Every structure is written in structure tokens, then in C-alpha cells.
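Chain identifiers are assigned alphabetically (A, B, ...) following the order of the sequence lines, protein sequences preceding nucleic acid strands; residue numbering begins at 1 within each chain. Because the structure is predicted, anything quoted here is derived from the model rather than measured.
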Amino acid sequence: MLEKTYQPATIEPRIRDDWEKAEAFKAGKPERAKATPYAIVIPPPNVTGSLHMGHALNNTLQDVLCRFERMRGKDVLWQPGTDHAGIATQMVVERQMMERQEPNRRDIGREKFVEKVWGWKEESGGTIVNQLKRLGASCDWSRERFTMDEGLSKAVVKVFVELHRAGLIYKDKRLVNWDPKFQTAISDLEVVQVEKRGSFTWICGDPEKPFEADALGKVLAKDPSGHMYHFRYPLTKAVAGYDKDYIVVATTRPETMLGDTGVAVHPEDARYAALVAAKATVTLPLAGRVIPIVADEYSDPEKGTGAVKITPAHDFNDFEVGKRQGLDKINVLTAFGKMTDDVPEAYRGLDRFEARRRVVADLNALGLLEKIEPTSHTVPHGDRSNVVIEPWLTDQWYCDAATLAKPAIAAIESGKTQFVPKNWEKTYFEWMNNIQPWCISRQLWWGHQIPAWYGPDGKFFVAEDESSAADAAKKHYKADVVLKRDEDVLDTWFSSGLWPFSTLGWPGKTPELKRFYPTSVLVTGFDIIFFWVARMMMMSLHVMKEVPFKDIYIHALVRDEKGQKMSKSKGNVMDPLVIIDEYGADALRFTLARMAAQGRDIKLAKATVEGNRNFATKLWNAARFAEMNECVRQRDFDPKKIKQPLNRWIAGETERAASAVTAGLEAYKFNDASGAIYDFVWGVFCDWYLELIKPILMGDDDIAKTETRATVAWVLDQILKLLHPFMPFITEELWAHMVEHGVARQSLLTLSEWPELKGLSNQAVDDEIGWVVKLISEVRSVRTEMNIPAGAKIPAIVSGASAETQTRARDHDETIQRLARLESITFAKTAPKGSALIVIGEATVALPLEGVIDMDAERKRLEKGIAQAESDMGKAQAWLANDSNVAKSPEHVVELNRKRVTDGTETIKRLKAALKRIEA
RNA sequence: GGGCACUUAGCUCAGCGGUAGAGCACUUCCUUGACAUGGAAGGGGUCACAGGUUCGAUCCCUGUAGUGCCCACCA
């Protein structure tokens with residue numbers, strides 16, 4: 001016997017065990033050898049992470065698809081695994097070491113540190129996996145992978161070596177985004193632009209009367225960023241045709257002026273033509289270095305003074321200008337963002353922001369600070385470290401992304417892989433067409449160490465292992481040499497990019513690779529289209545010569561109910577595990593699926609989850625009702641052979657619901673699919689069908705009763721199946737309760753067959769039950785409006801009814817009486833006086849309530865009905881009066897409006913007649 | 001600067017060329033033999049604004065305003 005209320009917390013772990021014991025989610029089972037393969041690779045969560053709402057949504061959708069396809073008989077592989085997440089993980093462990101006041105990673109050295117991270121991975125790496133299981137994820141857990149496990153690491157090395165051999169990976173010295181906190185280079189994608197606005201109001205300077213030192217110092221002490229500083233660089237000597245002895249340049253980063261090696265003006269800029277012609281030079285203030293004024297297209301005459309300082313070692317644009325103009329590159333910053341020894345002694349070792357203040361103050365003292373103005377500009381920050389990123393000159397490994405992008409673009413253009421929704425293609429193309437070299441090396445310790453070994457002269461040998469590198473070195477040096485391995489590791493996304501094939505066993509020629517590659521669909525959020533999706537497309541096409549997946553389903557991000565991004569600092573994080581504890585995994589999953597249609601974000605409120613928990617309870621109680629009424633599944637039950645109209649009707653409704661759910665899932669319209677089953681279960685099955693059949697179940701027509709019981713059991717089975725992808729736990733639990741011939745069911749719902757229903761719907765039956773439903777609704781409506789006590793039973797007298805209507809009324813007599821709380825239904829030529837009247841089609845139903853009803857209220861009710869009917873009919877009439885409407889509209893629309901007029905006329909006539917009787 | 005979206009009931013959002021829907025909230029009533037995590041009946045919307053296309057526009061097109069996001073740049 002089912003408990004009165006549904007308790008997810010006690011059920012879920014047990015169901016999970018059942019699935020595990022049955023190895024229900026194992027891919028490649030022999031009995032499915034002939035089935036169509038269906039594969040999804042999970043977006044691997046960070047191994048040290050824990051489940052957040054984004055994961056919950058992402059994995060719910062994948063699980064819905066996997067369960068759906070599994071039930072449709074496919075051989076489903078949902079490939080799980082985790083990502084080593086270089087920076088993030090190293091950060092977590094380092095922070096932990098700091099909190100425990102242990103020696104830092106540099107003190108203990110690389111080997112010991114990496115060992116520690118592995119320890120941490122072993123200890124907490126299972127957390128997120130267990131959390132995914134709590135959500136109900138039907139992954140093939142026996143195939144779990146980790147980006148740094150042996151097989152995947154082999155794949156990484158092999159791809160690196162091959163790309164290097166093909167010239168698509170190379171080493172280069174150029175500016176990178178340097179993170180002074182984590183001491184590593186990061187890729188463009190890991191840089192976020194943060195808006196900076198000056199924190200002090202604008203201050204206009206006057207070089208003749210410099211700022212008072214204290215006042216300026218106070219201002220600068222606040223926050224020296226977000227301002228534009230205008231400096232005078234004195235000319236080394238006067239130039240004929242140029243009326244000043246200095247040139248003004250502006251910058252938001254004063255400290256970098258110590259690394260200036262030129263000033264650029266536009267070649268066409270008349271103001272500076274004399275300076276260019278004279279090959280004028282300026283003396284760089286503070287440093288005392290003489291630097292040239294060069295003509296370069298980069299400088300924009302419209303901006304500032306049209307003259308721009310050039311710091312090739314610390315600015316991406318300046319780097320290019322420097323290259324064109326042959327300017328020196330002077331590095332003035334250390335890896336930690338402090339001034340190097342290549343600046344005047346006074347600034348050496350200063351932090352970059354302190355140096356900024358000093359430079360401004362010192363230039364002011366020299367009368368070279370023209371003005372300071374507040375400005376609004378964006379400053380690059382590390383997405384993890386949140387510190388200001390420095391463009392910094394270093395040796396790094398790069399991947400020629402532009403070349404790899406070409407086939408990846410073509411694959412989407414040709415439709416071999418398609419985005420759902422399609423509009424994400426544009427974003428993808430936009431980025432791929434402008435893709436920059438990808439910096440793949442990181443100065444971290446946790447990750448795949450780059451397979452390059454250096455000889456004594458710095459020449460490197462890229463090889464799959466040290467001995468191959470040694471062989472190559474020996475050939476080159478004609479002697480044995482000591483090799484030193486490159487200390488850098490690869491960007492995390494390098495290994496993630498191989499995920500669709502590395503997890504299937506590549507470079508081995510495994511049966512899984514053959515069977516499941518390319519995978520069916522990738523389900524992910526739009527925030528990692530560039531980071532991950534694009535890289536998988538590039539890598540997979542290069543290595544496998546085949547797309548990694550056929551569809552890319554992009555879903556929204558989950559935000560809080562106010563639409564703000566959930567973040568720990570804002571304190572608005574909704575923990576999926578807390579929600580699961582409170583409402584059950586099914587309620588959370590169903591909520592996320594129902595909201596999955598939204599454009600770019602999902603605003604999640606607790607109340608919504610609660611509503612869906614209530615839906616689960618509703619289903620639970622419907623099953624309980626079935627159980628109490630001995631609605632037992634019959635083995636040979638055939639829905640096509642149903643006789644009772646109510647049962648035929650619900651069979652037809654079930655078919656409609658099933659096809660709506662199927663169609664929704666096939667089109668990745670999770671909201672449509674989940675909405676269809678919700679409406680059917682609550683709005684049709686519970687609200688109407690179960691109520692309508694009660695008289696039969698309690699009656700003594702055994703044939704009808706037997707058929708109805710069997711139908712209830714059958715419909716419930718269909719419901720459990722249709723709902724299972726969304727709510728796997730409660731459905732599996734109820735499935736187990738639905739006995740068959742007195743024997744508890746042995747099979748698992750998750751392995752049952754998906755309903756493919758056909759030929760169950762019948763128009764005549766739908767009309768018949770539709771009439772019953774309409775009558776009941778109308779009576780209920782009148783009862784409320786007439787303030788008839790809910791408990792009072794009243795008679796109903798039907799007049800003007802056709803033979804068909806009379807038959808319907810007689811056939812469903814008991815049902816109608818029960819649901820409309822009627823005492824009797826009788827027929828008469830005319831409606832008795834003093835009645836409330838209901839008009840349905842050709843018939844009028846009278847509720848004789850003389851003395852009970854308020855005639856005034858009845859008049860108002862009828863008048864309202866007439867007004868509504870007249871307005872509706874009037875619209876239809878006006879529409880028909882327009883000849884072009886009739887001439888140019890499709891027939892069914894014309895027909896619809898004609899019907900509105902005829903039906904409306906009839907209704908109005910009867911309502912008016914009813915009104916007249918009252919007034920009489 | 002370039003791009004992508006969004007604007008529908010008090011709130012959160014579906015819908016989409018043929019007389020506007022759901023959940024929550026609200027009002028009234030109901031402990032009726034599955035369910036008060038429930039049932040019944042209601043109230044509430046010129047579908048942001050202005051043009052256009054169409055027999056017909058909430059839906060398609062153009063523009064305006066507001067909002068959000070992505071990319072790039074910023075002397």
C-alpha cells in the first residue's frame with residue numbers, strides 16, 4: 001500500500017540502488033547490439049567542484065534525452081567524467097595549504113605539490129559525481145574518465161606531438177595576458193574586461209602652476225586608475241615649423257611610460273609633419289632616454305592630441321607599432337607586477353600601482369603633467385584571479401587556431417553539425433572567423449606537462465616520451481646530452497577539447513569509438529561555446545576527420561529569481577542539493593525542464609519548484625487512488641478494444657499526450673514535452689477522468705468496472721513512462737507498485753518501452769465526453785454565482801434536447817449528478833419557472849431554484865452571458881461582412897466564423913428567452 | 001563600435017498570422033469515500049510604442065524607447 005504522502009528522500013536512494021544493481025545504464029549491452037547507438041559526452045565538471053544549478057540544468061536535460069532514447073530502444077552511452085581544471089584546482093589546493101598554514105607550493109616543490117593535488121582529487125573528486133547521481137543522472141558510471149587519467153593523458157601528448165609536427169603548434173615570444181597573481185599566461189578568453197571609472201572628479205592641470213604636491217598625492221592615493229593622464233614629453237631640440245618644445249601624449253597607465261621607446265603620430269597629420277620630417281626626438285622624462293617620433297597609421301589624429309606614446313613591451317597595439325617601426329622593447333614589469341631594474345633607480349621594485357602614483361607626482365613636480373581627466377575605460381582582469389592582467393613579453397606555446405578553425409567553420413556551414421537553437425551559429429562564426437592564436441601553455445604545475453625537452457643550447461625536441469626525445473637529441477647533437485623537460489603545462493581546455501574521442505579510448509581503435517563516435521548531441525550552456533565547443537570542433541575534426549557531434553543544444557544560464565547571476569559573494573546561490581533535500585530531485589528536474597525554453601536565462605524561484613513537487617504529490621495520489629480501487633494491469637489489455645466511452649476518451653487523450661511529449665523531446669523542446677505531460681496528468685487524467693469514472697468504480701456494472709480498472713492501470717503506465725525522463729525516481733517507484741495479476745512488477749521502468757500510441761482517438765467519443773464536461777462546468781459555474789451551498793443537491797431539467805443529447809445525458813446520468821452535485825436529471829418540454837438556465841448547444845438546462853435563487857443575481861448572470869455572446873458573435877459577423885475576408889481566407893477560417901455566428905445566434909436567443917422568463 | 005536577445009495578467013514566464021495561456025499571488029466557497037503539497041468558481045491583459053506587409057498582426061518587416069548579454073576597442 002502506498003503511503004499517504006510522497007517522501008522523495010526515502011525513495012530516491014533506494015531507486016538509485018535498483019538502477020545500479022541492474023546496471024541499467026550500461027552502454028553496449030549485448031541485447032542492444034543491433035540497436036541504434038546514441039551517445040552524449042558529459043561536459044566534464046571540475047573535479048574539485050560541487051553541483052550548482054547550472055550543472056543541475058545541464059545534466060537534467062542530458063538525462064531526459066538519454067532516458068528517452070534508452071526507452072525508445074537505443075543503445076545509449078552517456079559518457080561521464082571530470083576535468084582536472086588546471087588553475088581552479090591548483091588555486092583550491094593552494095588556498096587550503098595556506099589556511100592550514102602549511103609551507104607553500106614553492107617551498108615543497110613541484111613533485112610534492114602535484115602529489116598533494118592528486119591526494120585532494122582522490123579525496124574530494126567523487127563529490128560531484130555523487131551529486132550527479134543524486135540528481136538522477138543515468139550515466140554509464142563504469143566508464144567514468146578524468147582528463148588526467150592515463151588514457152586521456154596519452155591522447156593529449158599524441159595530439160600535441162602531431163599538431164607540432166604539422167606546424168600547428170609552435171613556440172613564440174610575444175605579448176601574452178599575464179596573470180601576476182597566479183604567475184601564468186592565460187588565453188584571451190580567460191580575460192574579462194572590467195569597467196573602470198575614475199574615482200576622483202576631473203582635475204585640470206596647468207603646467208605653469210603645477211598641482212600642489214600634497215593635494216595631488218591625496219587624490220592619487222584614492223585610486224589612480226580610471227583616469228587619463230596627459231604628459232608633456234620635451235623635444236630633444238627645437239624643430240622649425242613646430243611651435244612648441246614638447247609634445248603631449250596621454251595614457252591611462254602612467255607607469256608604463258618608463259618603457260616607452262617612441263611616440264607615434266599619423267603620417268598625414270599636418271600638426272606633426274614638421275616633427276616627422278625633421279626626424280625629431282624627445283627626451284623621455286624621468287628615464288632621460290632619447291626616443292624617436294615616428295609616423296605610423298596606428299595613431300589616430302582624432303583622439304587626444306593625435307600623438308601617442310609607444311610601449312612595445314606592455315601593450316598589444318604598441319607591440320605591433322614597435323615591430324613596424326623597429327622600436328626597442330623594454331620590459332619594465334616583473335612577473336609579479338613590480339618595476340624591473342630597467343627603470344630609473346627610484347622606481348625599481350615598486351608595485352605597478354605605486355609606481356603609477358610616483359610617476360604622476362614626479363612628472364607634476366617637473367611641470368610636465370598637463371592635466372588629469374576622469375575617463376571610463378575597461379581594464380583586463382583575470383577571470384579567476386580577478387587581478388589586473390599585464391600584457392607581458394614571454395616565450396609561450398601557441399596553437400594555430402585559425403587553421404584548425406577552417407574545417408570547424410565548414411562543418412557548421414554544411415550542416416554536418418547544427419546548433420539548436422540555430423541563432424548561436426552566428427556567434428560561433430563571428431568568433432571562429434576572427435580567431436587569434438591560442439596560447440596553450442600555462443606556468444602551472446597541475447596539468448599535462450608539455451612534451452618538449454630542451455638540450456643544453458635551448459633547442460627543444462617535442463616527442464611522445466623522454467626516450468624518443470633523447471633519441472632525437474642524440475641524432476641532432478651526435479652525442480648523449482642531458483635534456484630538461486619544459487616546465488609548463490597545457491591549458492585545461494586543450495584536454496577538454498579532445499573529450500569526445502579521448503573518453504572513447506582514442507588513440508586506441510576501441511569498439512566504443514567505432515560505435516559511438518560521432519556522438520549524437522552535445523548539451524551545454526552558451527557561456528562555453530568558445531572555450532569548449534569551438535575547441536572540440538577544431539580538435540575533433542583535425543584528429544578524427546569527423547565532427548564530434550551532430551547537434552549542439554545550447555541552453556540558458558540559471559539565475560536567481562531577480563535575474564541576477566548566482567554567486568557566492570551575492571549570497572543568492574540556490575544549492576541544488578538543498579532543493580533536492582527539500583523537494584526531491586524529481587521536482588527540481590521537472591522545474592528545470594519546464595523552464596528550458598527560455599531564451600538566455602532561467603530565473604529560478606523556490607515557489608516554482610514547490611509547485612512541481614505538488615505535481616509529484618498529485619501523481620502519487622492518483623496512483624494511490626488506482627491502487628485503492630484495484631486498478632491492476634492486465635497483461636492482454638488492448639486499448640484499441642475499449643468499449644466504455646469514458647475509457648475510449650482517455651485512451652485518445654493519452655495518445656495525444658504521448659505524441660506531444662515525443663514530438664517535444666525530438667525537437668529539444670523540453671518545456672513543450674514536460675508541459676504536455678503535466679497538463680495531461682493534472683488537467684485531464686486527475687481533474688476529469690478519475691472523477692468521471694468514480695460512479696463506474698463504485699457501481700455494480702461489473703463489465704464496465706473491470707474495463708475501467710484495466711484502463712486506469714494502462715493509462716497510469718503510459719503516464720509513468722512519459723514522465724520518467726523528467727521524474728525518474730517517483731515514476732520508477734510507482735511502477736514497482738503497479739502490480740500485474742497480483743504479482744509485484746519485476747521489470748524496471750527505466751528499461752521499459754516508450755509509448756508509441758496510434759489509432760486510439762475517436763471524434764464521436766471526444767464530442768460526447770466534451771459535452772459532459774461542458775455541462776458539469778456550466779452547472780458548477782451557475783452554482784457558485786447563485787451562491788448555492790456546495791453541499792446542496794439540486795434537480796436539473798433539460799428541455800429542447802435532441803435525441804443525441806438525451807442519450808448522452810442518460811448514459812452519463814450518474815456521473816453528471818455526482819460531479820455537478822445534482823439530485824436528478826429529468827426531461828421536460830419547457831423549463832420550469834423560477835429557474836436558473838444554462839444554454840448548451842440546442843438544449844437548455846434548468847436548475848429550478850425558486851425561493852433559493854436571487855433573481856437579481858440571475859438576471860445579471862444572464863445579461864453578462866448575453867453581452868459576452870453578442871460581442872463574440874458581433875466580431876464574427878463583422879469579419880464575415882468583409883468580402884475580402886471571405887474571399888481570401890482559408891476555408892476553415894471562414895467556416896469557423898460562420899459557426900460562431902450560428903452558434904452565437906442560437907445561444908443568444910436562448911439566453912434572452914431565459915431572461916424574459918425572469919422578468920415576466 | 002559590432003553582434004545577439006528580450007519587452008505578453010501583480011510576479012515568473014509559455015505561446016505565435018485566424019477572438020490571449022500556465023504557474024504563483026489575489027477573491028469567494030468546499031475537509032465530498034486519491035490528494036488541503038487538495039478541490040470548485042472567479043477577478044485581472046488596448047501582448048512596450050510608431051509605422052508597414054496582409055483579407056486578418058501579440059506573432060512577419062522597419063523604426064523608436066527601455067532592458068540584458070556577448071565580442072572588440074579605448075592616447
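The side chain of A:Asn621 contributes no N or O atom lying less than 4.0 Å from OP1 or OP2 of B:U37. A close approach under 4.0 Å does not occur between any side-chain nitrogen or oxygen of A:Lys603 and OP1 or OP2 of B:U12. The phosphate of B:A75 (OP1 or OP2) has no side-chain N or O of A:Ser299 nearer than 4.0 angstrom.
In terms of polar N and O atoms assigned as donor or acceptor, the side chain of A:Arg818 never comes within less than 3.5 Å of the base of B:U32 in a complementary pairing. For a distance-only test at 3.5 Å, the side chain of A:Glu691 qualifies as a donor-acceptor partner of the base of B:A34. For B:C4, its base never sits under 3.5 Å from the side chain of A:Lys426 at any donor and acceptor pair. A:Ser889 contributes a side-chain N or O that forms a donor-acceptor pair with the base of B:C55 under 3.5 Å.
Contacts of A:Arg821 with the nucleic acid, taken as non-hydrogen atoms under 4.0 Å apart, include base atoms. Residue-level contact check: A:Val893 touches the bases, meaning some heavy atom is under 4.0 Å from a base atom. At a threshold of 4.0 angstrom between heavy atoms, the contacts of A:Lys196 with the nucleic acid are absent. A:Arg780 comes within contact range of the sugar-phosphate backbone alone, with a heavy-atom separation under 4.0 Å but no base atom that close.
Nucleotide B:A40 is matched to B:U28 when pairs are restricted to Watson-Crick or G-U wobble geometry with both distances under 3.5 angstrom.
Salt-bridge formation is not detected for the pair A:Glu297/A:Arg324: no Lys NZ or Arg NE/NH1/NH2 atom is positioned less than 4.0 Å from an Asp or Glu carboxylate oxygen.
Only the P atoms considered, B:A57 is 25 Å distant from B:A14, to the nearest whole Å.
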